[in-house]
Structure formats: C-alpha cells, structure tokens
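Just so it is clear, the values below take in all heavy atoms, side chains as well, and ignore hydrogens, waters and symmetry mates.
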Amino acid sequence: MNLALCGLGKAGREFVNYTLSSDEFVLRDVLCRKESKDCGKTVSEALGIITPRTIRVTNLHEWENLNEVDVLVDFSHSETSMLLFDLCCRKKINLVICTTDFSDEQINFIKEKTLREGIGVVYAPTLTPGINLVIDFVKKISAVFPEFNFEIIERHGRNKPVPTRTSRIIAANILRKDVPINSVRLDGYVGIHEVTATDGLERLSLIHESFTRGAFVRGALLACKYIHKRNGFHTMNEVVANILSNSDTL
C-alpha cells in the first residue's frame, strides 16, 4: 500500500522509520505547510537519519504525486489537518487523521463533507487499538454495574492539554454524568489512562499505557488498511471492531 505522511514530529518520525523498513507499506511522499522549516529538505536531512531512498518534504499545495498514493496519514495539527482534508476531498484520496486538537464544529464539518465528497476518512484521536478496547470495556462495565462510581486518571508529558480528548471520550462512554478526570503532567510520560470503577463491594481497574509512539504508528497503519478502498467517515472503534469480527479466535 502506498502512503503519504504529513507531520514529522515524534510520531511522524516513528512512522517514517517503520514504513521505510516495511514490506507491506511504501512511504511515497512527506508533506508539510509552506512555512515549515523542513520544506524542500529530504526526509534524511529533516530527521537526521539514513533512508534507503530519497524522499523530499513537499509543500502540500505543490504536491503532484497524487496518483501513486492510496492513503494520506496526518500527524500534524488541526489547522494543517483542515488543509489536508480539503486537498483529499478535491483529489479523492483517503485520509487517516491522527491529530486531536479539533473543535466539535470542525469534526462535524469533516464528517459531513466526507460523506458529501465520497472519500474515506478515519478520524482517530484515540489511535491505539488498546485504548479503544478500554473505551468499549468501560461502556459495558457502566451498563452492567449501574451502582458503580467511576474516576479517570491520565498521565502525559507537560505539553498535553488538560484533559486530553482521549480522556473526554472515555468519560463520554461511561454512562454517568460528570465523571471526574484527574490529570498529571510530568516529563517522561507518553500516555497513561487509568479508569477505576467501584461500589465499595468490588472494584474494577483498567489501565492503558503507550510506552513509545510506535503504538500510535501501529494504530495508524491498521487504520490505513481499514480505510483503503472504503468510503465514509469512520473511527478507530470501527477499525478495532472490524478486526474482532474477522478474528477466527472469537
């Protein structure tokens, strides 16, 4: 599968490293905004790594290699994501959005335009398969145990918003009002979400931790495989559900 990438941050770097050594995925292009300091550089120059072939970081407004890409993966931020989304709508390229800093209005706009334009989008603020299983479990636990109280503790690096969208999504899937979210912001964390549920008679705890951003890359590539040749607006929950439905072990 031929892929393009936008965003050369920590997750983007992991994505490049993985896809350049993959037999299943081929990284064709890396995109950026014209203001980016990496614009015009090679990926090797931008990341300080040795690559088996030359890939140049291209201004997304000047990208011409459209027909060779099956899915575009976005690890940028919401402002750039909206530009990429418009590009994908015009050029009929499917998109995996891994950024998290959208307003509800922007998400609704993406959903409506995706359906109208006939492309495929996976919106993946909860990117790892594991965190999507946690979200599914807490919804079931809250339904089975209506007397349980819930609390969420999240731990991230200092630059993450308080709370993260992931924690808000977890809370929204617990069938309760005003689930407390406690945020820890210290250096060294990639991401931990811990959900505790109890009624004083018994307690359930769910913990998900991403040790490296390779977990995000795995989720993004699963989303690419899912959305390839699909249309419509989808979420990582649907990606994971599709894996479960096709498992011979269940």
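Of the possible polar contacts, none joining the S210 side chain to the T212 backbone as a donor-acceptor pair under 3.5 Å is found. Panel note: side chain N173, backbone I135; no donor-acceptor pair is recorded below 3.5 Å. At distances below 3.5 Å, at least one donor-acceptor pair connects side-chain atoms of S22 with backbone N or O atoms of E24. Using a distance-only test at 3.5 Å, with no hydrogens or angles considered, no donor-acceptor pair links the side chain of D136 to the main chain of N132. The main-chain N or O of P161 is found under 3.5 Å from a side-chain atom of R185 such that the two form a donor-acceptor pair. At distances below 3.5 Å, at least one donor-acceptor pair connects side-chain atoms of D199 with backbone N or O atoms of E202.
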Go through the steps for S78 and Q106 under the test side chain to side chain donor-acceptor pair (under 3.5 Å), then give the verdict.
-> CA-CA 9 Å; S78 61; Q106 286 174 314; 4.6 Å; no
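The side-chain hydrogen bond (donor to acceptor under 3.5 Å, both in side chains) test with S81 singles out one residue from D101, T100, T99, and that residue is T99. Here the options are D38, T42, V43, the test is side chain to side chain contact (heavy atoms under 4.5 Å, CB included), and the partner is R56; only T42 passes.
Minimum heavy-atom separation, L87 to W63: CD2-CE3, 3.7 Å. Closest of all the heavy-atom pairs between F216 and L127 is O-CD2, 3.2 Å. Smallest separation of non-hydrogen atoms from I119 and C88: CG2-O, 3.9 Å.
Applying the side-chain hydrogen bond (donor to acceptor under 3.5 Å, both in side chains) test to residues at least two apart or on different chains, none of the pairs has a partner in residues 7-20. The ring pair (Phe, Tyr, Trp, His ring centres under 6.0 Å) contacts involving residues 142-172 comprise F145-F148, H156-H193, where partners must be two or more places apart or lie in separate chains.
Qualifying salt bridge (charged side-chain N to carboxylate O under 4.0 Å, His left out) partners for E194, counting only residues two or more places apart in sequence or in other chains: R155. Applying the side-chain hydrogen bond (donor to acceptor under 3.5 Å, both in side chains) rule to D70 yields no partners; only residues at least two apart in sequence or on another chain are considered. Listed by chain and number, the residues in a side-chain hydrogen bond (donor to acceptor under 3.5 Å, both in side chains) with N242 are N246 (sequence neighbours excluded). Every side-chain hydrogen bond (donor to acceptor under 3.5 Å, both in side chains) that E79 has, sequence neighbours left out, goes to R33.
Of the charged side-chain nitrogens involved, at least one lies within less than 4.0 Å of a carboxylate oxygen, so that E117 and K92 count as a salt-bridged pair.
In summary, the side chains of D74 and S76 do present a donor paired with an acceptor at a separation below 3.5 Å, with no hydrogens or angles considered.
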